[in-house]
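Below is one structure; the comments refer to it alone.
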Amino acid sequence: MNIISFIFGAPIKPSRQPKRLVADSAELDKFKTHYAEHIEPLTRKFENRRVACLKALRQRIYMSLAMFASVVVIAMLYAARQYVEMPWIFLAVPIIPLVWWCSRPIKRYRNDVKEQVFPKIFRYFGDDFIFSHTHTMSLSTLKRSKLLPSYDDAHFDDYVQGSHNGVEIVINELQLTKEVRRDKRTETETVFRGVMVQLSSHKAFKGHTVVVKSRGGLINFLSSSFKNLSRVKLEDPRFEKQFDVFSTDQIEARYLLTVGFMERLQSLASMFAGKIQCAFYENKLLIMLASRENRFELGSIFNGATFEYEFSQINREMKQLFAMIEVLKLDQDIGL
């Protein structure tokens, strides 16, 4: 169902969709068992909520259209009686509160799913995994990575925390904005939007190494962000086409940037249109993934509340992170 057919009277009824649980064959039985025990019991409740939400949405759209039409008629009659030109621009004023009012049932439904279903999805990866709206990473810790661009304001969203093979994982959606002057006006510009992934290490890194997207070696080299870091030359021309590497410790940087790590980073870069950067510092690996998409969101409200797609998608992305831990041997104390 699309929004047009929905508005013009397509029937609203519970959706029965084929199973879409997708996982590697080695874990499929465990995956299905977790779904059956922890997620599927919630689907009937949320399917009823979804249908009720769509009915409320349709009613509010009809009422909003009627109210907007009334405003238009009143404005036209007023303009005709006063012999003035119709101020069409002012008709946009009531649209904003009406759109907000119409979207409220959907927003409440999505928030309830996140609060009740998503924690159970993430519990699949370990009993210590949490999903939260209110937790945030430390901005001062993120700044020390030398990855953050210049910004004026920071807004955090969904937060995930847990561990894999003893390595602590923290994931947080982040948007950074900056006030810029354009044509004598001040505008708010988004300088970063995406996901910050912080992985702890059993070893403290001796140096500080950053891997940033290539903007031309000179631009990165002259950046004040990388002051006190020197350029690291690697033997992989394909990797160096995509990334520039700077470090305070050349030997450690080459030790960290193994063939396996570079391949995994290039694989992740292809998933995120090349917008990936990372830093090894203190006892952390921080991965910065730029993306316009919210990573932990529901699918379409018009799809049934099975949560199979969401579970499968989150599992696929978490497996990428677990592979990074294993490639980098962050779960081992290898004596750096």
Side-chain angles (χ1 to χ4, degrees), residues 96 100 103 107 110-111 113-115 118-119 122 129-163 167-182 185-201 205 208-215 219-220 222-229 243-244 246 248 265 268-269 271-298 314 317-318 320-321 324:
I96 296 174
W100 176 86
S103 67
K107 188 170 183 180
R110 289 181 178 276
N111 286 341
V113 170
K114 281 191 170 186
E115 289 177 4
F118 275 38
F122 279 96
F129 269 83
I130 63 170
F131 178 88
S132 170
H133 284 297
T134 56
H135 288 60
T136 66
M137 285 181 172
S138 162
L139 259 178
S140 60
T141 301
L142 295 179
K143 286 178 183 176
R144 293 200 300 273
S145 72
K146 298 184 180 291
L147 290 180
L148 298 191
S150 175
Y151 70 93
D152 294 319
D153 193 26
H155 173 72
F156 289 96
D157 201 354
D158 298 329
Y159 175 96
V160 178
Q161 181 178 331
S163 63
V167 175
E168 184 178 296
I169 300 168
V170 180
I171 305 168
N172 214 170
E173 292 185 321
L174 174 64
Q175 182 175 12
L176 301 174
T177 57
K178 188 174 184 177
E179 301 299 315
V180 295
R181 292 285 295 174
R182 287 199 182 99
R185 293 179 303 169
T186 300
E187 297 181 2
T188 301
E189 179 182 274
T190 298
V191 293
F192 173 78
R193 181 180 177 184
V195 182
M196 309 301 288
V197 180
Q198 181 179 286
L199 306 175
S200 69
S201 172
F205 301 115
H208 189 132
T209 300
V210 296
V211 181
V212 295
K213 60 186 178 184
S214 178
R215 297 177 295 177
I219 295 176
N220 279 335
L222 294 176
S223 171
S224 60
S225 300
F226 310 133
K227 189 168 59 176
N228 302 325
L229 278 66
F243 301 101
D244 290 332
F246 297 88
T248 58
L265 197 65
L268 281 172
M271 289 174 58
F272 290 89
K275 298 174 182 177
I276 179 172
Q277 305 186 121
C278 65
F280 301 86
Y281 67 111
E282 299 167 3
N283 65 335
K284 303 174 185 64
L285 166 61
L286 182 69
I287 304 172
M288 189 173 181
L289 303 168
S291 174
R292 293 184 178 277
E293 299 177 10
N294 288 334
R295 309 309 301 179
F296 308 122
E297 294 297 320
L298 264 66
I314 288 171
E317 294 183 357
M318 294 300 292
Q320 285 284 336
L321 292 178
M324 289 288 288

Atom [atom1] in [X], atom [atom2] in [Y]: separation rounded to 0.5 Å?
| X | Y | atom1 | atom2 | result |
| --- | --- | --- | --- | --- |
| Ser291 | Leu289 | OG | CG | 8.0 Å |
| Lys275 | Arg193 | NZ | CZ | 11.5 Å |
| Asn111 | Lys114 | CG | NZ | 7.0 Å |
| Lys213 | Cys278 | NZ | SG | 13.5 Å |

Do you know which two heavy atoms are closest between [X] and [Y], and how far apart they sit?
| X | Y | value |
| --- | --- | --- |
| Ser145 | Ala279 | O-CB, 3.6 Å |
| Phe192 | Met288 | CD1-CE, 3.5 Å |
| Glu179 | Asp152 | N-OD2, 2.7 Å |
| Ala154 | Leu139 | CB-CD1, 3.9 Å |
| Tyr281 | Phe205 | N-CD1, 3.7 Å |

Ignoring hydrogens and angles, write down the donor-acceptor pairs under 3.5 Å from the side chains of residues 169-178, residues two or more places apart or on other chains.
from	atom 1	to	atom 2	distance (Å)
Asn172	OD1	Met137	N	2.9
Asn172	ND2	Asp157	O	3.1
Asn172	ND2	Asp158	O	2.9
Glu173	OE2	Arg295	N	2.6
Gln175	NE2	Thr190	OG1	3.0
Lys178	NZ	Ser150	OG	3.1

Quick one, Val210 with Gln277, criterion side chain to side chain contact (heavy atoms under 4.5 Å, CB included). Give me CA distance, side-chain angles, the key distance, then yes/no. CA-CA 8 Å; Val210 296; Gln277 305 186 121; over 6 Å; no
Between Ser200 (side chain) and Glu168 (backbone), is there a donor-acceptor pair under 3.5 Å? yes
For [X], give me all partners under side-chain contact (heavy atoms from CB on, under 4.5 Å), at least two apart in sequence or on another chain.
| X | result |
| --- | --- |
| Arg182 | Val180, Glu187, Glu189 |
| Thr248 | His208, Leu229 |
| Arg292 | none |

What I'd like to find out is whether the side chain of [X] reaches to under 4.5 Å of the side chain of [Y], using heavy atoms alone.
| X | Y | answer |
| --- | --- | --- |
| Ile276 | Phe243 | yes |
| Met196 | Leu147 | no |
| Val113 | Phe118 | yes |
| Phe156 | His133 | no |

Gln161: side-chain hydrogen bond (donor to acceptor under 3.5 Å, both in side chains) partners, not counting sequence neighbours: Tyr159
What residues, two or more places apart in sequence or in another chain, satisfy side-chain hydrogen bond (donor to acceptor under 3.5 Å, both in side chains) together with Thr136? none
Step by step, would you call Met318 with Phe122 a side chain to side chain contact (heavy atoms under 4.5 Å, CB included)? CA-CA 9 Å; Met318 294 300 292; Phe122 279 96; 4.1 Å; yes
Among Thr209, Val197, Leu199, exactly one meets side-chain contact (heavy atoms from CB on, under 4.5 Å) together with Leu285. Which residue is that? Leu199
